[in-house]
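All values below were derived from every heavy atom in this structure, side-chain atoms included, with hydrogens, water molecules and symmetry-related copies excluded.
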Amino acid sequence: MDSFQYVAASADLKGGFDWNLVFKWDYMTADEKNRRRSNPIAPIKTPMIAGGLFTISKRWFEESGKYDMMMDVWGGENLEISFRVWQCGGSLEIIPCSRVGHVFRKQHPYTFPGGSGNVFAKNTRRAAEVWMDDYKQFYYAAVPSSRNVPFGNIQSRTELRESLQCKPFKWYLENVYPELRIPDKHDLAFGSIKQGAMCLDTLGHVLGGTIGLYECHNSGGNQEFSLTKDGSIKHADLCLGVSSKQSGSPITLAGCRSGNPLQKWEQSNGNRMLRLRGTNLCVDSHMVKDSGVTIETCDSKALTQQWKFTMSNISNK
């Protein structure tokens, strides 16, 4: 924003989201990259776009419903138009040879009545209620605070969906974004894991990264975990695990392996502690600043081993 210097991005990215419905950039899968080797400049099918970075014909924009004009100020419109285009017969493509420079401002030049969080939640709820069918339950499980935000009348948008004869969200997940993990109905819970005002958080880390603590924001994302029936704690398609059954071992994000005992957890002490199955080692935060969250000898009196599950039970929804 100060020099207009152009910083190139990776050509292996496509747009996506987690169940908190916040846009993110995903790396293409290994299979996708292999298929593209013979033609690396071919368009990349993308499940979602960033709101300000697309072109569309005027005719198709008008026929497909323009924007949802009952959304407020900023946020959520890219989510809505992405679902709508895919489900209603179009496609979204990234053109690798295009060049778009996006200058991020230091602050918004406009205000958000009621706060940016409420505005974003309202817009996101509108998109979820119109386009996601029963899968919206996973959004509400990931961002429970959004349930209390009014989203207005959506009749005109649901009528638009009917008139365009759009496909169900299940089709979108199966054909457009199969990489998005759908929480299993047998999962024990889905949401966040809290200690005081702090929550377990990936801190943006990926495979091999450590787990830390961050102030709870009730917006899912890096604080979104599922506790499965087989004892795994999952974040997206990764599992929480340790490298050894030794006190002080950091908990990291790893590829899920169903038979790996270093990725199996169980609740203990009235469901207030998380223990590595078959051991006397529990999830502990006392070394979080230096090593991230670790496993330590279980101590029911240690506050750093007390966890409150602010998770929604999926199987009852």
Side chain to side chain, [X] and [Y], heavy atoms closer than 4.5 Å:
| X | Y | value |
| --- | --- | --- |
| W74 | V119 | no |
| K264 | D230 | yes |
| P96 | I44 | yes |
| L207 | L253 | no |
| E77 | D68 | no |
| R36 | D12 | no |
| W86 | K45 | yes |
| P47 | K14 | yes |

**Prompt:** Taking everything shown except K170 itself, do over 12 heavy atoms lie less than 6.0 Å from its NZ?
**Reply:**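 No - once you tally the heavy atoms of other residues, nucleotides and ligands closer than 6.0 Å, there are 12 at most.
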
**Test item: side-chain donor near acceptor, T294 and E296, under 3.5 Å** =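 E296 and T294 do have a side-chain donor-acceptor pair below 3.5 Å.
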
**Item:** No-hydrogen, no-angle side-chain donor-acceptor test under 3.5 Å, T29 and E179
**Value:**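 No donor-acceptor contact under 3.5 Å links the two side chains.
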
Check for a donor-acceptor pair, side chain of [X] on one end and backbone N or O of [Y] on the other, with a separation under 3.5 Å.
| X | Y | answer |
| --- | --- | --- |
| N78 | I49 | yes |
| Q195 | W307 | no |
| Q305 | D299 | yes |
| N175 | W171 | yes |
| S192 | Q223 | no |

**Trace of the ring pair (Phe, Tyr, Trp, His ring centres under 6.0 Å) decision for F112 with F120** = CA-CA 9 Å; F112 295 84; F120 185 78; 9.7 Å; no

**Steps toward side-chain hydrogen bond (donor to acceptor under 3.5 Å, both in side chains) verdict (Y140, R125)** = CA-CA 9 Å; Y140 290 127; R125 282 198 74 183; 3.0 Å; yes

